[in-house]
Structure formats: structure tokens, C-alpha cells
Amino acid sequence: MANSATGTYTAKLTDGPLQGKTVTTEFLESGDPRPRLEIPADGNKRYLYLRGSGLEFDSTESPERPTAVDYRYVEALFG
């Protein structure tokens, strides 16, 4: 899993309704992983995930940036 030229990483969803799934997301402008993800679901529902402590580093191009970050489920958002 290497970061692409666009500055993306893999978000690993460790629990909740999307447990075991992964999504690709972009780093913040600061270069940090996003602190929260809102993932669209059926209808007007979104799942809120917050960044966990797990980080994986596997890039020779940007060794200081993680290639994968763990996210923990918080709640379903409606509306």
C-alpha cells in the first residue's frame, strides 16, 4: 500500500457496520490523516468514524506519512 501522487492513504474501518472494509481518502492540507470520516450509506444515512491509534508505514516515497490508518465507529448520522 503506497501513497499515490495525490496524497491518499487507506482508511481501515476496524469495527461497526463497515468492519473490515477499507476506503481511500486524502490527507488534510497539513499532511495529517483526517481525524474523522463520514461515509455515506443508504438514503440519507452516514456512518461516522474517528481516527484510531493504528498507523501503518510502507512507503519509500514518503516514509513520514502513513499508508494506512485505523478508524473506529462512533455513530450513524441521519439527515
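Everything quoted here is computed from the prediction, not taken from an experiment.
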Shortest non-hydrogen contact between [X] and [Y], atoms and distance:
X	Y	answer
Glu38	Leu48	CG-CD1, 4.0 Å
Lys45	Ala76	CD-CB, 4.1 Å
Gly31	Arg65	CA-NH2, 3.3 Å

**Report entry** Test item: Arg34 side-chain N/O and Leu28 main-chain N/O as donor-acceptor pair under 3.5 Å
**Finding:**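 Checked: no pair found.
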Report task. Output, in order, the C-alpha distance, side-chain angles, deciding distance and verdict of side-chain contact (heavy atoms from CB on, under 4.5 Å) for Leu13 and Ile39. Result -> CA-CA 11 Å; Leu13 309 177; Ile39 301 169; 3.6 Å; yes
Distance check, rounded to the nearest 0.5 Å: [X] atom [atom1] versus [Y] atom [atom2]?
X	Y	atom1	atom2	answer
Leu50	Leu37	CG	CG	8.5 Å
Lys12	Thr22	NZ	OG1	8.5 Å
Glu56	Thr67	CD	OG1	6.0 Å

Requested in this report: Please check if atom CD in Glu29 has more than 12 non-hydrogen atoms from other residues, nucleotides or ligands closer than 6.0 Å.
Outcome: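 Incorrect, the count does not exceed 12.
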**Report entry** Heavy-atom neighbours of Arg72 CZ exceed 12 at 6.0 Å
**Finding:**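 For Arg72, atom CZ is not crowded (no more than 12 foreign heavy atoms under 6.0 Å).
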Report task. Return the set of residues passing side chain to side chain donor-acceptor pair (under 3.5 Å) with Lys21 (not counting sequence neighbours), or none when no residue passes. Result ->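 Partners of Lys21 by the side chain to side chain donor-acceptor pair (under 3.5 Å) criterion come out as none, since no residue qualifies.
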Query - Candidate pair Asp32 and Phe27, rule side-chain contact (heavy atoms from CB on, under 4.5 Å), full reasoning - result: CA-CA 6 Å; Asp32 295 320; Phe27 287 99; 5.9 Å; no
Report task. Report the residues that fulfil ring pair (Phe, Tyr, Trp, His ring centres under 6.0 Å) with Tyr71, sequence neighbours left out, ordered by chain and then residue number. Result ->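 Applying ring pair (Phe, Tyr, Trp, His ring centres under 6.0 Å) to Tyr71 gives none.
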**Report entry** Non-neighbouring partners of Tyr73 that pass ring pair (Phe, Tyr, Trp, His ring centres under 6.0 Å), sequence neighbours left out
**Finding:**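 Partners of Tyr73 under the ring pair (Phe, Tyr, Trp, His ring centres under 6.0 Å) test: Tyr49.
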